Number of protein chains: 2
Amino acid sequence: MDKNLKRMATMNRMQKSGLDLFYAQGYYNTSIDDILKSLNLSKGAFYYHFQSKEEFFISIVQNLVFRKVYSMLIEPIEGEENPLRAIEICLDDALKTAEFNDLDYGFVLSNFLNEFNGRNEKITRYLTDIVKVWEVNIVTALQRGKTDGFVERHIDSEGAAAFIISGYFGIRSLMVTGNCKMLRYNYIQQLRYYFRSLSPVVLA
Amino acid sequence: MDKNLKRMATMNRMQKSGLDLFYAQGYYNTSIDDILKSLNLSKGAFYYHFQSKEEFFISIVQNLVFRKVYSMLIEPIEGEENPLRAIEICLDDALKTAEFNDLDYGFVLSNFLNEFNGRNEKITRYLTDIVKVWEVNIVTALQRGKTDGFVERHIDSEGAAAFIISGYFGIRSLMVTGNCKMLRYNYIQQLRYYFRSLSPVVLA
DNA sequence: CCGGTTACCGACCGGGCGGTCGGTTCAACG
DNA sequence: CGTTGAACCGACCGCCCGGTCGGTAACCGG
C-alpha cells in the first residue's frame with residue numbers, strides 16, 4: 001500500500017503536468033518527452049506506468065477532466081432551486097477562473113473535442129460522453145424548473161441545454177484572443193436576455 | 001499570361017485540396033505529402049509555388065476562407081432590412097451546408113482558431129482578423145436595426161454580436177457528434193427566443 | 001534548331017517522436 | 001547481508017515530416 005502510494009503520486013504528477021501541456025499545446029503537438037522534461041523523469045518511468053500516449057490521455061480525461069467538469073459545472077446546478085439563476089452563476093464562475101488562465105474544464109472539453117474530431121474516434125467518445133452528462137444534467141434542471149415555475153412550460157429543454165452549452169463553448173473560443181473580462185461580462189449579460197425569454201411572464 | 005494561368009491553376013488545386021485535408025485532419029496532423037499525394041504532385045511542385053507550409057496555409061486563409069466567410073456570413077446580412085431575421089436565415093443556411101458535410105466556413109474558422117491558439121501567433125492573427133470583420137458587420141447591422149425599429153435600443157450591440165458568434169461556433173462544435181439536423185433545428189429555435197428578447201416589445 | 005524559362009520530379013537530409021529494452025538504484029524483507 | 005522487485009534511467013530503433021536540391025521534360029521566342 002505504501003508502494004502503491006508512491007506509484008499513484010508519480011502517475012498523478014504525470015497526469016497533471018500532461019493535462020497542462022496538452023491543453024496549452026495540443027495533444028498531437030505535445031511530445032511525451034515534453035511532459036517528462038518538466039518533471040525530470042524519463043521515458044522508462046512513463047512506459048512503466050502507462051501503456052501508450054493514448055491510454056495516458058484517456059486516464060487524464062477520466063481522472064481529471066471528468067471530475068472537474070462534474071464539480072465545476074454539474075454539481076453547482078444540481079441542488080439549486082432556480083435553474084436559470086444557478087446556471088448563470090455557474091457559468092460566470094467558470095469564466096472567471098478562465099480569466100486567470102486557470103483551466104476551466106468546460107473549455108478543455110470543447111478544445112479537445114475539436115482536436116480529436118475525426119482523428120481519434122475512441123478519445124472522441126470519451127469526451128462526448130462527458131458533454132452528454134453535462135447536457136442531461138442541464139435538461140433535468142430545466143425540467144424541474146418548469147414544475148417549480150421558474151421556466152416557461154412550452155420551451156424545449158433539450159434545445160435550450162444545447163444552446164447554453166454551445167454559447168459557453170463558443171465564448172471560450174472567442175476569449176482566447178484577449179479582452180476576457182469584457183467578453184465575460186457581455187456574455188453573461190446576453191445570457192440573461194436569453195434566460196428572460198425562457199422565464200414565465202411575470203406581472204410586475 | 002498563359003503560363004500564369006497554369007501556375008494559378010496548380011496553386012488553386014493545391015489550396016483547395018489543402019483546405020479540405022487541413023480541415024478534416026488538422027493542420028499539424030496533415031503532411032504536405034498527404035496533400036500532394038491526392039493531386040499526384042511532388043514536393044518539388046509544392047516548394048516551387050509556396051515558400052513553406054505556413055505560407056501555404058496563410059494563402060489558403062486569405063484566398064479561400066476569408067472570401068467564403070464574406071460571401072456566406074457577411075454579405076447576406078448587409079443589405080437586409082431586418083437584421084435579426086437576416087442573421088437567423090444566414091446562420092440557418094450555413095448550418096444547412098454543414099449538414100451535407102460541405103465546408104461551412106464559419107466553423108472552419110473556429111476550428112483553426114482553436115488549433116493555432118497559443119501555437120502559432122501569426123496564423124492566429126489572420127484568423128481573428130476575419131472573425132473581427134464578421135463581428136463588426138453584425139454590430140453594424142444591429143445598430144442599423146435600432147434606428148429602424150427592429151432592435152431594442154438599450155441592448156449592447158457588441159455583446160449581442162459576440163453572443164451570436166459564440167453560439168454559432170459552439171453549436172458547430174456539438175454538431176461534430178451526429179444528429180446535425182435536430183441540433184440545427186433546436187439551435188435556430190432557441191436563437192429565435194433570444195432574438196425575441198432583443199426586439200422592441202410589440203403590442204399584439 | 002537553340003537557349004532559356006517554367007513547372008515539376010523525387011532522392012535525400014536532419015530532426016523529432018512514439019515506443020522498446022537492457023540495465024541500475026534502493027527500500028523492504030527474510 | 002543477500003535477494004528481490006518496484007521504480008526509474010536513457011540509449012536506441014523505425015518512422016514520419018518539413019524542407020532542400022540537382023536534375024529534366026515541355027514549351028516558346030528568336
Side-chain angles (χ1 to χ4, degrees), chain A residues 1-61 112 115-116 118-123, chain B residues 1-61 112 115-116 118-123:
Chain A
M1 188 55 78
D2 215 11
K3 276 293 172 56
N4 223 332
L5 276 184
K6 168 131 206 229
R7 175 184 177 82
M8 284 303 175
T10 303
M11 289 176 77
N12 286 341
R13 282 204 309 149
M14 288 180 180
Q15 289 170 332
K16 173 121 188 43
S17 171
L19 178 58
D20 286 344
L21 287 174
F22 284 145
Y23 176 68
Q25 309 178 11
Y27 174 83
Y28 292 110
N29 220 20
T30 301
S31 69
I32 295 171
D33 277 329
D34 286 344
I35 299 163
L36 294 167
K37 215 179 292 164
S38 74
L39 297 169
N40 286 320
L41 286 172
S42 68
K43 277 273 179 70
F46 181 86
Y47 281 95
Y48 178 74
H49 291 296
F50 299 99
Q51 283 183 24
S52 67
K53 192 185 181 187
E54 190 188 49
E55 285 295 320
F56 174 60
F57 185 79
I58 291 173
S59 81
I60 289 177
V61 169
F112 287 136
E115 181 167 7
F116 290 109
R119 277 143 239 166
N120 187 317
E121 207 181 319
K122 191 174 171 185
I123 292 181
Chain B
M1 187 57 76
D2 215 12
K3 275 295 172 55
N4 223 333
L5 276 184
K6 168 128 207 231
R7 175 185 177 82
M8 283 304 175
T10 304
M11 288 176 79
N12 286 340
R13 283 203 310 147
M14 288 180 179
Q15 289 169 333
K16 171 116 188 49
S17 171
L19 177 58
D20 286 344
L21 287 173
F22 284 146
Y23 175 68
Q25 310 178 12
Y27 174 83
Y28 291 111
N29 220 19
T30 300
S31 69
I32 295 172
D33 278 328
D34 286 344
I35 298 163
L36 294 167
K37 213 178 296 165
S38 74
L39 297 170
N40 285 322
L41 287 171
S42 68
K43 276 272 179 71
F46 181 86
Y47 281 95
Y48 177 74
H49 292 295
F50 300 99
Q51 284 181 24
S52 67
K53 192 185 180 187
E54 191 188 48
E55 287 294 321
F56 174 59
F57 185 79
I58 291 173
S59 81
I60 289 177
V61 170
F112 286 137
E115 180 167 7
F116 290 110
R119 276 144 239 167
N120 186 317
E121 207 179 320
K122 191 174 173 186
I123 292 181

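In the text below, chain A, chain B and the rest are named by the order of the sequence lines, each starting its count at 1. No experiment lies behind these values; they were computed from the predicted model shown. Note: hydrogens, waters and symmetry copies are ignored here, and every other heavy atom, side chains too, is used.
- As rounded to whole Å, 14 Å separates atom P of C:dT20 from atom CG of A:Asp33.
- Checked against D:dC8, D:dA11, D:dG18, the side chain of A:Lys43 finds its nearest nucleotide in D:dA11.
- Of all nucleotides listed (D:dC8, D:dC17, C:dA7), D:dC17 comes nearest to the side chain of B:Ser31.
- Residue-level contact check: B:Asn40 touches the backbone only, with heavy atoms under 4.0 Å from sugar-phosphate atoms and none from bases.
- Across C:dG18, C:dA7, D:dC8, the shortest atom-to-atom separation from the side chain of B:His49 is found for C:dA7.
- For the pair B:Lys53 and B:Phe22, the cation-pi test (distance below 6.0 Å, angle within 45°) is failed.
- Using bins of under 30°, 30° to 60° and over 60° for the plane-to-plane angle, the ring pair B:Phe57/B:Phe116 lands in the tilted bin.
- Projected onto DNA chain C by closest heavy-atom contact, A:Tyr28 and B:Met14 fall at different nucleotides, the more 5' of which corresponds to B:Met14.
- In the set D:dC8, C:dG19, C:dC9, C:dC9 carries the atom at the smallest distance from any side-chain atom of B:Ala45.
- Distance, A:Tyr47 OH to D:dG10 P: 17 Å, rounded to whole Å.
- Of the candidates C:dA7, D:dG19, C:dG19, the closest approach to any side-chain atom of A:Ile32 belongs to C:dG19.
- Ring planes of A:Phe50 and A:Phe56: perpendicular class, angle over 60° (limits at 30 and 60°).
- Among the heavy atoms of the strands lying under 4.0 Å from B:Lys53 are primed sugar atoms or P, OP1, OP2 only; no base atom is included.
- Judged purely by distance below 3.5 Å, without hydrogens or angles, the side chains of B:Ser31 and B:Asp34 pair a donor atom with an acceptor atom.
- In this model, the phosphate group of D:dC8 is not approached by any side-chain N or O of A:Tyr48 to a distance below 4.0 Å at OP1 or OP2.
- Distance, A:Met11 CE to D:dC8 C1': 14 Å, rounded to whole Å.
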Verdict with reasoning, B:Leu19 to B:Phe112, per side chain to side chain contact (heavy atoms under 4.5 Å, CB included) = CA-CA 11 Å; B:Leu19 177 58; B:Phe112 286 137; 3.9 Å; yes
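- We find that CZ of A:Phe57 is positioned 16 Å from C1' of C:dG18, with the value rounded to whole Å.
- In terms of position along DNA chain C, the nucleotide closest to A:Asn29 lies nearer the 5' end than the nucleotide closest to the other residue of the pair A:Asn29 and A:Gln51.
- Candidate nucleotides D:dG19, D:dC8, C:dC8 were compared by shortest atom distance to the side chain of B:Ser42, and C:dC8 ranks first.
- Side chain of A:Leu41, nearest nucleotide from D:dG19, D:dC8, C:dC8: D:dC8.
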